[in-house]
Amino acid sequence: MHPIPPAAELWRRVPRLVLGLVLMGVGIALTVRADLGLGPWDVLHQGVAERTGLPIGWTSILVGVVVLALWVPLRERVGLGTILNAVIVGLVIDAALALLPGLHGPTPKVTALLLGLGLIAAGSGLYIGSGLGAGPRDGLMTAIVRRGHPVWSVRTAIEVTVLGAGFLLGGAVGLGTVLTAFGIGPLVQLSLGRLSLPPLEPIPAPAPAVSTGSGRA
């Protein structure tokens, strides 16, 4: 478990974390409504939802729990951001989908797709930049990378795997999938540069007690 920051830092960082996760959930819902193809993980979520009859948001939560279980043998540390990411994004997706109308015609769909990708990027910058722990999917990648594998190969292997599984299960692949694959990385990097807070300082270990000669430390 990540060390808990001081209360002042929590008050500063948690609202940004939650806002980022809400923006991500709304952004994903917009890409679902656009119906032009989803990012790899959301293709998987949609495919599982199609097969099980569960809402896509709840499917996202359940997939997140399964991915978190993979952290155990990798000894990845769970943070507050990890837990909130696993829950909030899925709940917001379902709530936003209940409110968003269906879209018809290329212009509304492309607009929703681009707006959704922008919100996902901004939300990612806020949530990752809060420094309170990676989400389940991001943490899986970083845990594997720390074992000496290149980032690009790990990221590619994971996303190709989940995309293929989602496609076979009936998830939507299309323009949105391509834009996510090539565009979301630069957008998130730009967002992180503008929205990240300074890294949390490690909490110093307490100084060892000095013997007073009275037999009590």
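All values derive from a computational prediction rather than experimental measurement.
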Asker: Considering non-hydrogen atoms only, spot the tightest contact between Ala96 and Ala29 and give its length.
Answerer: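 Taking every non-hydrogen atom into account, CB-CB, 3.5 Å.
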Asker: Taking all atoms of both residues into account, what is the closest heavy-atom pair of Ile184 and Leu117, and its distance?
Answerer: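 So the minimum-distance heavy-atom pair works out to CD1-O, 3.8 Å.
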Asker: For the pair Asp42 and Val32, evaluate side-chain contact (heavy atoms from CB on, under 4.5 Å) and give the outcome as yes or no after the intermediate values.
Answerer: CA-CA 9 Å; Asp42 293 314; Val32 172; 5.8 Å; no
Asker: Between Arg137 and Val63 (side chain of the first, backbone of the second, donor and acceptor by atom type, cut-off under 3.5 Å), is there such a pair?
Answerer: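 Checked: no pair found.
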Asker: When you group the ILVMFWY residues by side-chain heavy-atom contacts below 4.5 Å and let the links chain together, are Leu114 and Leu187 in the same group?
Answerer: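 Different hydrophobic clusters.
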Asker: Which pair of non-hydrogen atoms, one from Gly39 and one from Thr180, has the smallest distance, and what is that distance?
Answerer: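 Answer, listing the atom of Gly39 first, then Thr180: CA-CG2, 3.7 Å.
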Asker: Only pairs at least two apart or in different chains count here, so list each side-chain hydrogen bond (donor to acceptor under 3.5 Å, both in side chains) that has a residue in residues 24-34.
Answerer: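 Checked against side-chain hydrogen bond (donor to acceptor under 3.5 Å, both in side chains) - neighbours excluded - no pair reaches residues 24-34.
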Asker: Which residue pairs satisfy the salt bridge (charged side-chain N to carboxylate O under 4.0 Å, His left out) criterion with at least one member in residues 157-166, sequence neighbours excluded?
Answerer: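 Qualifying pairs: Arg155-Glu159.
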Asker: Of all heavy-atom pairs between Val43 and Ala172, which one has the smallest distance, and what is that distance?
Answerer: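 It is CG2-O, 3.2 Å.
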Asker: Quick one: does Tyr127's side chain have a donor or acceptor within less than 3.5 Å of a partner on Met24's backbone?
Answerer: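 Looks like no, no N/O pair under 3.5 Å.
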Asker: Which atom names give the shortest non-hydrogen contact between Thr177 and Leu38, and what distance separates them?
Answerer: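 Nearest heavy atoms, Thr177 then Leu38: OG1-O, 2.8 Å.
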Asker: Find the distance between CG (Leu17) and CD1 (Ile128) and round it off to the nearest 0.5 Å.
Answerer: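 Spacing of CG (Leu17) from CD1 (Ile128) equals 11.0 Å.
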Asker: With rounding to the nearest 0.5 Å, note down the distance linking CD1 in Ile88 to CD1 in Ile93.
Answerer: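 Interatomic distance, Ile88 CD1 to Ile93 CD1, rounded to 0.5 Å: 12.0 Å.
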Asker: Is there a donor-acceptor pair closer than 3.5 Å between any side-chain N or O of Thr82 and the backbone N or O of Gly135?
Answerer: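 Here the side-chain-to-backbone pair does not exist.
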Asker: How many angstroms lie between atom CG of Leu126 and atom CG of Leu195, to the nearest 0.5 angstrom?
Answerer: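 Reported to 0.5 Å precision, the distance equals 4.5 Å.
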Asker: Considering the options Val110, Leu103, Val173, Leu179, which one meets the side-chain contact (heavy atoms from CB on, under 4.5 Å) requirement together with Leu36?
Answerer: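 Filter result, single survivor: Val110.
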Asker: Could you tell me whether the side chain of Arg13 and the main chain of Ser130 form a donor-acceptor pair under 3.5 Å?
Answerer: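 Checking the backbone N and O of Ser130 against the side chain of Arg13, a donor-acceptor pair under 3.5 Å is found.
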Asker: In this structure, would Leu74 and Met141 fall into the same cluster of hydrophobic residues linked by side-chain contacts under 4.5 Å?
Answerer: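 Linked, Leu74 and Met141 end up in one cluster.
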Asker: Of the non-hydrogen atoms in Ala121 and Ser191, which two are nearest, and what is the gap between them?
Answerer: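 Looking at all heavy atoms of both residues, the closest pair is O-OG, 2.9 Å.
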Asker: To the closest 0.5 Å, what do you measure between CG (Asp35) and NE2 (His104)?
Answerer: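 One gets 10.5 Å once the value is rounded to the nearest 0.5 Å.
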Asker: With sequence neighbours left out, what residues match Arg12 under salt bridge (charged side-chain N to carboxylate O under 4.0 Å, His left out)?
Answerer: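 Checked Arg12 against salt bridge (charged side-chain N to carboxylate O under 4.0 Å, His left out); matches are Glu9.
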Asker: More than 12 non-hydrogen atoms from neighbouring residues, nucleotides or ligands closer than 6.0 Å to CZ on Arg147, yes or no?
Answerer: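 Yes, the 6.0 Å shell around CZ holds more than 12 heavy atoms from other groups.
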Asker: Check whether Leu115 and Leu100 end up in the same hydrophobic cluster, where Ile, Leu, Val, Met, Phe, Trp and Tyr are linked by side-chain heavy atoms less than 4.5 Å apart.
Answerer: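 Per the 4.5 Å side-chain linkage, Leu115 and Leu100 are co-clustered.
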Asker: Quick one, Ile56 and Asp94 - any side-chain contact, counting heavy atoms below 4.5 Å?
Answerer: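 A side-chain contact under 4.5 Å exists here.
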Asker: Is there a path of hydrophobic side-chain contacts, each under 4.5 Å between heavy atoms of I/L/V/M/F/W/Y residues, joining Val89 to Leu19?
Answerer: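 As far as the 4.5 Å side-chain criterion goes, Val89 and Leu19 are connected within one cluster.
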Asker: Measuring from atom CG of Leu169 to atom NE2 of His45, what distance do you get when rounded to the nearest 0.5 angstrom?
Answerer: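 Separation between the atoms: 11.5 Å.
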Asker: Using the rule that Ile, Leu, Val, Met, Phe, Trp and Tyr join whenever any side-chain heavy atoms are under 4.5 Å apart, tell me whether Leu70 and Trp41 fall into a single cluster.
Answerer: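 Yes, it is one cluster - the side chains of Leu70 and Trp41 are joined through contacts under 4.5 Å.
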Asker: Flag yes if more than 12 heavy atoms outside Trp58 fall under 6.0 Å of its CH2 atom; otherwise flag no.
Answerer: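 12 or below, so no.
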